[in-house]
Amino acid sequence: MDKRLERILPRVQKPARYVGGEYHAVMKDKDEVDTRIAFCFPDTYEIGMSNLGMRILYGVMNEMPGVWCERVFAPWGDMEEEMRKAGMPLFALESGEPITNHDIVAFSVGYEMAFPAILNMLDLANIPLHSAERTELTPLVIAGGTAMYNAEPVADFIDIVSLGEGEDITVELVELHRQARREGWSKHEFLCKAAQLDGLYVPSLYEVTYHEDGTVKEIVPHDGAPKTVTKRIVRDMDKSYFPVKTIVPSTEIVQDRVMLELFRGCIRGCRFCQAGYVYRPVRNRSRDLCAQYGMDSCNDSGYQEMTLSSLSTSDYPELTALCDDLEDFCADRHVNLSLPSLRADNFSMNLMQRLAKGRKSGLTFAPEAGTQRLRDVINKNVTLDDLLTSCKTAFAGGYNAVKLYFMLGLPTETDEDVLGIADVAARVMHAWRESAANKNRGVRITVSTSYFVPKPHTAFQWEPQISREEYERRVKLLREAMTTKTVTYNWHDGETSFIEAVLARGDRRLGKVLETAWRMGSKLDAWEEYFSLQRWMDAFAECGIDPHFYANRVREKDEIMPWSMISSGVTESYLWRERERAYESVTTPDCRTHCNGCGANRLVGGKCDV
């Protein structure tokens with residue numbers, strides 16, 4: 001261990017974040033590898049270690065002969081301050097060495113508010129911020145993750161963006177980089193060849209021009225880069241890597257349990273949901289393999305909780321049978337089975353009886369909107385009767401806590417829709433009174449609302465975000481309507497969501513705003529302890545850019561989006577058709593009921609009924 005680190009650790013919170021040495025962390029002889037990768041998560045250890053995607057890619061890269069992938073997390077403020085005082089650069093957990101010793105610096109980015117942390121981590125590592133300043137092949141700075149479906153705000157800082165699922169394309173990129181180093185390619189020559197790999201977007205090879213009104217005029221690829229870069233996916237989930245022998249953290253993390261991924265994609269088509277579109281099409285992992293992975297993971301880690309995890313887990317076709325397969329194992333090992341959230345239209349007594357046999361934890365449902373009209377607008381395809389029936393089933397089975405998630409500011413939302421959320425909560429309370437197995441225990445109903453952020457590659461990418469003032473008015477309206485004492489109301493901070501909307505739909509001109517905000521002090525802006533709206537507004541003012549142009553403006557059908565060179569596999573025409581259906585309050589059936597012609601099936605060699 002670095003002597004500087006030994007002196008620092010007694011002075012910081014949670015020193016276990018920074019020492020490594022966990023069970024199953026991969027250690028290799030650096031003299032026996034030719035490629036070292038610093039796998040960076042632009043948030044704290046507790047958040048990054050809870051990310052299943054990061055665990056998967058960590059395993060994939062470390063299975064490559066001659067490659068050593070190490071983890072790097074953003075330090076908390078106290079640790080960063082001590083590191084800068086001591087002149088200690090950002091280091092990898094496994095070796096303790098500075099990440100400037102690594103060939104590739106790879107970021108996993110799932111949230112736009114992590115953008116400032118990327119810059120902060122590069123600076124803390126003494127790596128030049130701008131791609132143009134890094135003229136050599138190493139260190140190569142790459143990024144992937146859901147937030148990279150619009151990478152334009154960070155285009156100046158990232159050499160290569162990996163789109164979609166990384167198991168295959170990461171291996172191909174690493175091998176190409178090894179070849180480039182062996183054969184002495186220039187960085188530009190390497191980037192041009194990387195751009196020919198499906199799923200890799202190289203921002204520096206695209207020239208963007210703008211109209212006088214600020215909208216994008218043209219996006220022109222250069223040096224043979226493709227006009228459109230389409231995401232990569234894993235076609236066969238049974239052949240995809242699963243981290244059975246996963247790292248067991250030395251300190252508590254957010255998702256401190258086995259996370260068993262059942263399938264990828266989502267059949268539902270909620271019009272606001274970016275993940276639901278960009279992870280299409282649905283690909284299931286076989287039930288037998290899921291059961292085996294779950295048991296092996298628990299045996300290997302000692303965990304006594306297993307979360308069955310996917311975008312909409314209760315849509316897994318063999319979910320009840322899988323729970324039956326795991327029942328004896330879970331009973332013998334005292335392992336608790338749980339689902340992160342449930343759909344109100346397919347929760348059953350059979351499923352309930354198989355979950356949380358050891359303890360009745362709370363259940364979570366996400367109606368998203370307070371009236372059926374608005375649920376039809378967003379294509380939620382869940383009714384109030386569905387929700388109440390599910391709640392009655394849960395209450396009759398001994399549950400006494402329900403969390404309900406909604407959004408405020410959805411397209412076409414009215415005050416009636418807002419007040420409908422309070423009505424839903426009251427009806428759930430009434431359902432408890434009618435159905436509770438044990439009324440002496442009381443009931444806990446938690447209503448949470450978030451501020452709708454229109455995201456790229458969704459049917460609502462053209463929509464404006466309502467103003468912060470209007471959002472706060474709707475929060476106040478709902479808060480005053482929540483009169484039931486047993487209902488707790490939580491709402492998301494509107495300031496953070498406003499900046500999220502700006503970054504989510506921004507173009508590469510926001511790079512200078514991002515850098516300015518970072519120089520003013522932005523870093524861990526996903527955390528309220530560090531976020532400052534005023535700092536961001538000062539940065540926008542200094543750069544002469546209006547944030548409302550990005551967050552609060554309706555976009556026209558023929559407008560070129562900043563992310564138009566990126567394809568999730570879902571066609572633009574399909575997204576626009578879904579937007580039109582939203583304004584007609586017409587729902588679209590789920591993918592298993594009927595193929596709606598989104599285009600994504602072509603990614604797995606199929607066809608779509610366009």
Side-chain angles (χ1 to χ4, degrees), residues 53 108-115 143-155 161 163-164 201 216 231 265-266 268-280 311-312 366 368-369 374 377-380 405-413 449-468 471 492-494 496-508 510 514 525-526 547-557 559-572 574-579 581-582 588 598-600:
S108 176
V109 194
Y111 181 35
E112 292 83 0
M113 297 311 298
F115 288 172
T146 311
M148 291 295 97
Y149 278 93
N150 178 23
E152 294 308 279
V154 292
V161 174
L163 294 165
Y201 166 54
V216 175
K231 73 178 182 188
C266 182
R268 296 293 173 170
C270 297
R271 291 170 179 140
F272 60 85
C273 181
Q274 186 183 48
Y277 285 109
V278 302
Y279 285 112
R280 291 185 178 202
L311 284 179
S312 181
E368 308 293 2
L374 191 54
V377 166
I378 64 175
N379 204 47
K380 187 65 184 178
Y405 285 97
F406 298 87
M407 280 185 283
L408 292 178
L410 288 163
T412 79
E413 183 180 67
T449 60
S450 61
Y451 185 4
F452 168 66
V453 176
K455 289 292 180 91
H457 305 283
T458 71
F460 290 156
Q461 64 179 359
W462 293 274
E463 298 301 314
Q465 184 184 57
I466 62 171
S467 69
R468 283 189 297 115
Y471 169 71
H492 193 265
D493 167 48
T496 307
S497 295
F498 169 62
I499 299 300
E500 181 187 351
V502 174
L503 294 174
R505 299 200 298 169
D507 53 48
R508 57 180 61 184
L510 290 185
L514 176 59
D525 277 28
H548 303 286
F549 174 80
Y550 297 100
N552 307 122
R553 176 175 64 87
V554 177
R555 306 202 178 191
E556 302 303 322
K557 180 182 180 180
E559 180 175 335
I560 297 175
M561 300 296 191
W563 53 88
S564 292
M565 76 294 284
I566 304 301
S567 172
S568 69
V570 177
T571 65
E572 196 88 346
Y574 177 79
L575 294 177
W576 182 262
R577 190 162 76 243
E578 282 297 286
R579 180 183 186 268
R581 290 170 72 87
T588 299
C598 74

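Sequence positions, counted from 1, serve as the residue numbers for this chain.
If you run side-chain contact (heavy atoms from CB on, under 4.5 Å) between Arg505 and each of Met561, Arg555, Gln465, only Arg555 comes through.
Summarising the geometry of Phe452 relative to Pro411, their closest heavy-atom pair is CE2-CD, 3.8 Å, with the distance given to 0.1 Å. In plain terms, the two heavy atoms of Pro456 and Ala504 that are nearest each other are CG-O, 3.0 Å. In plain terms, the two heavy atoms of Leu514 and Pro153 that are nearest each other are CD2-O, 3.8 Å. Pairing each heavy atom of Val109 with each of Ala143, the nearest pair is CG2-CB, 4.3 Å. Shown here for Ala151 and Val161, the closest heavy-atom pair between the two residues is CB-CG2, 3.7 Å. In terms of heavy-atom proximity, Pro464 sits nearest to Pro454 at C-CG, 4.2 Å.
Contacts of Arg508 classified as salt bridge (Lys or Arg N to Asp or Glu O under 4.0 Å), with partners at least two apart in sequence or in another chain: Glu152. Not counting sequence neighbours, the partners of Thr412 by the side-chain contact (heavy atoms from CB on, under 4.5 Å) test are Arg373, Leu374, Val377, Tyr583. Residues forming a side chain to side chain donor-acceptor pair (under 3.5 Å) with Asn150 (at least two apart in sequence, or on another chain): none. By the salt bridge (Lys or Arg N to Asp or Glu O under 4.0 Å) test, Glu572 is found to be paired with no residue, residues two or more places apart in sequence or in another chain being considered. Remark: Lys455 pairs with Glu112, Glu500 by the salt bridge (Lys or Arg N to Asp or Glu O under 4.0 Å) rule, at least two apart or across chains. Residues passing the side-chain contact (heavy atoms from CB on, under 4.5 Å) test with Ala459 are Arg271, Tyr277, Glu578, sequence neighbours excluded. A search for side chain to side chain donor-acceptor pair (under 3.5 Å) contacts involving Thr449 returns Tyr489, not counting sequence neighbours. Shown here are the side-chain contact (heavy atoms from CB on, under 4.5 Å) partners of Thr496, two or more places apart in sequence or in another chain: Tyr111, Met113, His492, Asp493, Phe531. With sequence neighbours excluded, the residues forming a side-chain contact (heavy atoms from CB on, under 4.5 Å) with Ile560 are Val216, Ile219, Ser564, listed by chain and number. Taking the ring pair (Phe, Tyr, Trp, His ring centres under 6.0 Å) definition, one finds that Tyr279 meets it with nothing, sequence neighbours left out. Residues satisfying the ring pair (Phe, Tyr, Trp, His ring centres under 6.0 Å) criterion with Tyr550, sequence neighbours excluded, are absent altogether. Partners of Phe272 under the ring pair (Phe, Tyr, Trp, His ring centres under 6.0 Å) rule, at least two apart in sequence or in another chain, do not exist in this structure.
In this structure, Val570 and Cys598 have side chains that are in contact, with non-hydrogen atoms separated by less than 4.5 Å. Side chains of Ile566 and Met148 form no contact here, defined as non-hydrogen atoms less than 4.5 Å apart. Residues His457 and Lys231 form no side-chain contact, since every pair of their non-hydrogen atoms from C-beta on lies 4.5 Å or further apart.
In terms of modelled atom types and a separation under 3.5 Å, the side chain of Asn379 and the main chain of Thr588 share a donor-acceptor contact. Judged purely by atom type and a 3.5 angstrom limit, Lys380 has no side-chain atom pairing as donor or acceptor with the backbone of Glu368. The backbone N or O of Arg468 lies less than 3.5 Å from a partner atom in the side chain of Tyr451, making a donor-acceptor pair.
Atom CG of Leu575 sits about 6.5 Å away from atom OG of Ser568, to the nearest 0.5 Å.
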